[in-house]
Amino acid sequence: SQGDQDPGDQKPAQPVGDPPAERQRRLDDPRAIVVGAPRSKLVDEGQRALDHALEAQAPSAPASPTAWRFRLLRAEILIARAEPRDALPLLTERLPPDPSFEQHTARQKYLSAKMHVARGSFKEALAALADARGGARQNRDLTWDITILEGQIDLRLGEWVEAEAA
């Protein structure tokens with residue numbers, strides 16, 4: 001009888017609207033959770049996590065490369081949330097001229113280019129990207145980000161050959 005069964009032998013209840021195959025796909029591929037989540041929710045969660053990290057980092061070394069990395073991540077989130085006015089101070093503040101900040105300076109210029117694109121200032125964005133490329137030599141991800149944004153700008157400007165080359 002059912003009363004004699006061990007509770008551990010029972011199958012867990014399936015959430016409504018969550019077929020077993022879909023649930024298994026999400027378990028097998030953690031990226032599926034991110035891909036399926038609404039972008040605004042991910043950005044908001046990223047902002048909360050970043051705020052927490054900034055609060056923990058701030059007192060110890062406010063001018064360190066790590067602190068600047070967090071600040072630039074915050075600027076990137078603000079740009080993604082269409083809040084460029086809040087990101088502007090982070091993109092106009094000068095970073096220390098120390099070589100350990102070279103990649104952060106390049107990312108700051110890249111983010112400035114994204115701001116120019118959002119404003120429709122494509123020529124200024126291309127100039128900022130050209131400036132950023134020099135400091136991004138050692139950062140493959142940033143180099144790709146720059147190349148992709150250059151291609152998008154070229155497409156918007158109708159420069160098809162340059163866009164395809166990017």
Side-chain angles (χ1 to χ4, degrees), residues 22 25-26 28-58 61-166:
E22 175 63 18
R25 182 184 69 80
R26 285 197 326 263
D28 291 342
D29 183 7
R31 291 174 300 158
I33 295 168
V34 174
V35 171
R39 180 183 166 109
S40 62
K41 183 177 180 182
L42 290 174
V43 171
D44 290 343
E45 288 176 10
Q47 180 69 49
R48 279 193 297 277
L50 184 59
D51 288 343
H52 180 69
L54 282 167
E55 287 172 16
Q57 174 72 27
S64 71
T66 301
W68 267 104
R69 181 177 180 161
F70 286 141
R71 286 184 187 131
L72 293 174
L73 283 170
R74 172 180 268 168
E76 194 159 8
I77 289 171
L78 290 168
I79 292 167
R81 292 177 67 180
E83 298 174 12
R85 201 172 307 144
D86 295 334
L88 193 58
L90 298 168
L91 301 179
T92 55
E93 189 174 343
R94 290 190 53 90
L95 279 78
D98 188 88
S100 64
F101 288 91
E102 183 178 39
Q103 290 183 31
H104 299 307
T105 302
R107 177 151 300 275
Q108 185 184 45
K109 292 174 183 177
Y110 162 75
L111 293 173
S112 293
K114 287 184 80 165
M115 293 269 295
H116 286 299
V117 168
R119 293 178 179 157
S121 305
F122 301 125
K123 297 292 184 184
E124 291 87 349
L126 287 172
L129 290 173
D131 208 15
R133 190 173 290 283
R137 289 183 304 268
Q138 303 300 318
N139 186 328
R140 188 174 11 163
D141 291 337
L142 181 54
T143 300
W144 276 110
D145 288 342
I146 291 168
T147 301
I148 290 167
L149 188 55
E150 284 174 337
Q152 292 171 352
I153 294 168
D154 288 337
L155 282 173
R156 287 183 170 188
L157 291 173
E159 297 175 5
W160 312 114
V161 174
E162 291 84 354
E164 287 182 7

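Nearest heavy-atom pair across Gly135 and Ala106 is C-CB, 3.5 Å. In terms of heavy atoms, Glu102 sits closest to Gly134 at OE2-O, 4.4 Å. Across all their heavy atoms, Tyr110 and Leu149 have their closest contact at CE1-CD2, 3.8 Å.
Looking only at side-chain heavy atoms (C-beta outward), Arg156 and Val117 come within less than 4.5 Å of each other. Using a 4.5 Å cut-off on side-chain heavy atoms (C-beta onward), Arg69 and Arg107 make no contact. Residues Ile148 and Gln152 meet the side-chain proximity criterion, which asks for heavy atoms closer than 4.5 Å. Contact of the His104 side chain with the Arg71 side chain is not registered, since no non-hydrogen atoms from C-beta on lie closer than 4.5 Å. For the pair Asp154 and Leu126, the minimum side-chain heavy-atom distance is below 4.5 Å. Taking the side chain as every heavy atom from C-beta outward, Arg74 and Phe70 never approach each other to under 4.5 Å.
One distance of note links CG of Leu91 with CG of Leu111; it measures 5.5 Å at 0.5 Å rounding. One finds the CZ atom of Phe122 at 12.0 Å from the CG atom of Leu129 (value rounded to the nearest 0.5 Å). Atom CD of residue Glu83 and atom CG of residue Leu88 lie 13.5 Å apart, to the nearest 0.5 angstrom. Taking OG1 of Thr147 as the reference point, atom CG of Leu142 lies at 9.0 Å (rounded to 0.5 Å). Here the CD atom belonging to Glu93 is positioned 7.5 Å from the CG atom belonging to Leu95, to the nearest 0.5 angstrom.
Remark: side-chain polar atoms of Gln108 are paired, donor with acceptor, to backbone N or O of Leu90 under 3.5 angstrom.
Using a cut-off of 4.0 Å between Lys/Arg side-chain N and Asp/Glu carboxylate O, Arg133 and Glu150 are scored as salt-bridged.
With sequence neighbours excluded, the residues satisfying side-chain hydrogen bond (donor to acceptor under 3.5 Å, both in side chains) with Ser100 are Asp98.
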